[in-house]
Amino acid sequence: MGSAWSVRVAVGALAIVAAGCFQPVGPARTFHDYELKAESTAKSARSSVETARLAVQVATDGDAFPPYVSVLLAEAESDASNSQGTFLGIQPPDKHSDRLRDRLGRLLEQTGNVLSTLRITARRADLQQLKGQAARLPALSKRLDRFATEHE
Amino acid sequence: MKRLVGVMLGVLTAIGGFMDIGDIVANSATGARFGMSLAWAVLLGTVGIVVYAEMAGRVAAVSGRPTFDLVRERLGARMAIVNLAASFFINLLTLTAEVAGVAIALQLATDVNYLLWLPLTALLVWLVIWRVRFTLMENVFGLMGLAMIVMAIAVWQLHPDWSQLWHGASHPVVPSGEGHATYFYYAIALFGAAMTPYEVFFFSSGAVEEHWTRSDLSENRANVFIGFPLGAFLSLSLMALATLVLFPRGISVDHLSQAALPVSLSLGKIGLALIIVGFFAATFGAALETGLSAGYTISQYFGWQWGKRNRPRDASRFHLVVLVSIGVAMLVALTAVDPVKVTEYSIVLSAAALPLTYFPILVVANDPDFMGDKVNGRFGNAIGSIYLVILVVVSLATIPLMIITKAGA
Amino acid sequence: MNDRRELLAGLHLLDHQILDCDGWAAGKVDDLELDVAADPTTALPVVTAILSGAGALSRRLEGRLGRWVESVDERLASDRVPSQIAFELVSEIASHVSVTASRDDLETGRGERWTRERIVGHIPGAGHAPE
Amino acid sequence: MRLSDILGSEVFAADGSSLGHVRDVRLLADGPELGAFGPALRVHGILVGRGSLGARLGLGRPEMRGPWLLKRVFGRRARHLVDWGDIASVQEGEIRLSATASPTSIGSPSA
């Protein structure tokens, strides 16, 4: 019941929690590990693509204010680039993994490019152009989704 | 109108408790990931907070004693200081997130980076606590927060398959591809959000600030029975929106902006404007709630004069604690920590400390020395006891689940 | 005056809120001073004062935290440590403990006074109740 | 002496066996007149027992009717009432009773 004891327990618990959840992505030791990480990266990239798609939809339908759309697209872009950075930072454990890395890497690259173009256009509030640039999103989303399903 | 104003303490408490920045994102994220299958966790938490907030409000009205006063008196100096340290730390984390949350709501309206809004929002929060009368504060932010009802209208406008939504909520299953541990981690996050301790600190202290007495017990009940279910209703609406719009598109929610997307899709600009106003009011309300609670908990532990019903110089240590807390929160927020992550952690950590707060309330609500004939009835005691057991189980399970799931990753 | 003739010190006094003659909060009952020699006829200890404030509280917290609080309090205090309220001033023991003096005249009021005079009193608007 | 010097101390009978810890201190208002307060509070005895939080929470008192669960778990009352006159020494967290001490048994927990 002593306070010193309880404080020690609390500090210990916090330390464990901190160690447990602030370590972003652990290393991948096997192909299977690596594949799991590739899958979740593809999923999160797809989430960004879909967010952008919906953002462009509400923008072009006149259902949203330009500042809001701009924030959505900027966040989608930075989320995608974060998950790309994290994934590429993982050491692929074998040759097999290298091929996976190349394939997903290319997809992530394209995603990043489209999302940053959209962000730039949104800041200029050019709806016509936004719609044109967003035309690439559905295909990209489908490919990311297929990649994730294949490696489930 | 008069009746509506009479329940604003409950409304503000609930909106700040259920709809703060972390909860908004968590509710939306849960809907996007688990559909309606975690609705039960919100309902479970709501019944719990209704039961305990009613007790805390009744004790405050009858004996004039707010919750942390009781915590100190019943748990003793030593156990209570452990609770104080935990509650204060969690409160400060939440305050940090809320100050950032208000700034993010402003960013959604202006596209000006939220970091630039931070000093202004912190100043505004402090000014409201320093200069604005309690009831006025309650009415302004409570009423503004009601703008979030637009979420329910948005659900309705989407013409959902109601039976499917209901089925998802009433037949909870863990969706394929999600582990049980993750599912229960999110359940605890939702339950913990409904029962965050600062709600009872704020609600019971607010009752004292508003000079409630024995004759206000019906007002207490109205506040509790309207306010908290309203908070739950908003939570579930947000969850349903995410289930309908974000779940099928595979969108995972990490930002406040994404939580507003379904409303914009469903109701257009007017809906979007209202939901941004609602987000602003809710995060601002939560900032007021946690900022004041920082002062309430410390002052009530040490027996200092507290509250904003008097001149600030007459409760100087209370106001100093509030001022310093807001300052620290702003500085931490300026380091660009992710406010959503901060509240998620704070909710889960507070789940671990829940029994220490609710246990003394249950004890004192039974003590005739304080309560006279207004002690708990059998029914209240039965539910209160069941919840105490649930709280203990939750508090024991929280930290292990957090570690196993890497905080729901 | 107290309502009962018999009291349990831990249950009815310790950690209870102290209110001054104007109803202001004036600290908690952090400990009680007992005088063993005050009543030589029966040798029963007499409760002579309420101890309140960080100095009194620290002894009850024990451990490192308690020692730290005690040393800080001793360094900050200009008068007697820990601060006391003589039991002659107690007017009522109910769910609060009421005293007949004003909080500004009590030793236990020094923290509040210091904060008011040095910091909070200087912030504009401190002298008006919120509107 | 302070109240906290007594509360929580372990209580030993004259033969060295432990009776438990001091759970609370019994005061009676029958001392010398003290200003507005009236007759001063005097320490008449200590409540000794092995129960933990119970005494402090006041759950063992008969006027507390519920909740049943908490009374079960924490409602254990102190076991013995020791008159102050039976105490031989108080020091360093230990209280020793005199050989003639006869602690009154308070009885079993009331649920």
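Per chain, numbering begins at 1; letters A, B, ... match sequence-line order.
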*So which part of B:Phe318 gets closer than 4.5 Å to some heavy atom of chain C, the side chain, the backbone, both or neither?*
neither
*Identify which part of B:Leu320 has an atom lying under 4.5 Å from any heavy atom of chain C, answering side chain, backbone, both or neither.*
both
What are the two closest non-hydrogen atoms of [X] and [Y], and how far apart are they?
X        : Y        : value
B:Arg311 : C:Ala129 : CG-N, 3.6 Å
C:Pro130 : B:Asn310 : CD-O, 3.3 Å
B:Arg131 : C:His128 : NH1-O, 2.9 Å
C:Arg103 : B:Asp314 : NH2-O, 2.8 Å
C:Asp30  : B:Arg72  : OD1-NH2, 2.6 Å

*Is C:Arg118 atom CZ crowded by more than 12 heavy atoms from other residues, nucleotides or ligands, each under 6.0 Å away?*
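Count not over threshold, so no.
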_Listing request: all ring pair (Phe, Tyr, Trp, His ring centres under 6.0 Å) pairs with a residue in residues 87-126 of chain C, at least two apart in sequence or in separate chains._
C:Phe87-D:Phe37
Atom [atom1] in [X], atom [atom2] in [Y]: separation rounded to 0.5 Å?
X        : Y        : atom1 : atom2 : answer
C:Ile123 : B:Leu323 : CD1   : CG    : 5.5 Å
C:Gln17  : B:Arg65  : CD    : CZ    : 7.0 Å
C:Glu112 : B:Arg317 : CD    : CZ    : 4.5 Å
C:Leu19  : B:Gln305 : CG    : CD    : 8.5 Å
B:Trp304 : C:Thr115 : CH2   : OG1   : 7.5 Å

_Choice from B:Pro312, B:Ala315, B:Gly303, B:Ser63 maximising heavy atom contacts with chain C below 4.5 Å_ = B:Gly303
*Give the intermediate values and the outcome of side-chain contact (heavy atoms from CB on, under 4.5 Å) for residues B:Glu73 and C:His16.*
CA-CA 6 Å; B:Glu73 191 186 296; C:His16 282 237; 3.4 Å; yes
*asked:* Between B:Asp69 and C:Lys28, does any side-chain N to carboxylate O distance fall below 4.0 Å?
replied: yes
_C:Ile119 vs B:His319 side-chain heavy atoms within contact, under 4.5 Å_ = no
*Greatest number of heavy atom pairs closer than 4.5 Å to chain B - which of C:Gly125, C:Ala26, C:Ser52*: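 Option with the top pair count is C:Gly125.
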*Taking only residues two or more places apart in sequence or in another chain, which ones pass ring-ring contact (aromatic ring centres under 6.0 Å, His included) with B:Phe370?*
none
_Let's go through C:Leu57 and B:Tyr301 carefully: what are the C-alpha distance in whole Å and the side-chain angles of both, what is the deciding distance for side-chain contact (heavy atoms from CB on, under 4.5 Å) to 0.1 Å, and is it a yes or a no?_
CA-CA 11 Å; C:Leu57 183 63; B:Tyr301 177 88; 3.8 Å; yes
